[in-house]
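All figures in this text were calculated on a predicted structure; none of them were measured in a lab. Side chains are part of it too, since the values below use all heavy atoms of this structure and drop only hydrogens, waters and symmetry mates. The first residue in the sequence is number 1, and the count goes up from there.
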Amino acid sequence: MQDDTLPVALQKRIDELKELESTYWEDELYSYEALTNPTYRTELERCFNLDPLGPLPPRQ
């Protein structure tokens with residue numbers, strides 16, 4: 001069974017990113033932790049209101 005809670009260090013990292021400009025948390029999406037830990041990736045997307053599928057195509 002997989003534990004869906006984040007380690008304290010990753011939760012602390014998210015809290016630190018909230019105080020920084022968007023380029024920091026955009027870079028964090030490509031960090032080792034975000035690429036290997038789906039729970040962390042999901043939490044990043046949720047906290048920063050990111051769409052996991054990417055932006056929608058332009059309306060025509």
Could you give the distance from CG (Leu17) to OG (Ser31), rounded to the nearest 0.5 Å?
9.0 Å

What I'd like to find out is whether the side chain of Tyr32 reaches to under 4.5 Å of the side chain of Asn37, using heavy atoms alone.
no

Should Lys18 and Phe48 count as side-chain neighbours, where that means a heavy-atom distance under 4.5 Å?
yes

Distance alone, cut at 3.5 Å: any donor-acceptor contact between the side chains of Glu28 and Tyr40?
yes

Between Tyr30 and Leu44, is there shared hydrophobic-cluster membership here, with clusters defined by ILVMFWY side-chain heavy atoms closer than 4.5 Å?
yes

Nearest non-hydrogen partners of Thr36 and Pro38, listed with the distance:
O-CD, 3.5 Å

Arg41 side chain to Leu35 main-chain N or O, any donor-acceptor pair under 3.5 Å?
no

Rounded at 0.5 Å granularity, tell me how far CZ in Arg13 sits from CD in Glu43.
14.5 Å

Just how far is it from atom CG of Leu6 to atom OG1 of Thr39, taken to the nearest 0.5 Å?
6.5 Å

Spatial distance of atom CD (Glu33) from atom CG (Leu10) [nearest 0.5 Å]
6.0 Å

How close do Ala34 and Leu29 get, heavy atom to heavy atom, and via which atoms?
CB-O, 3.5 Å

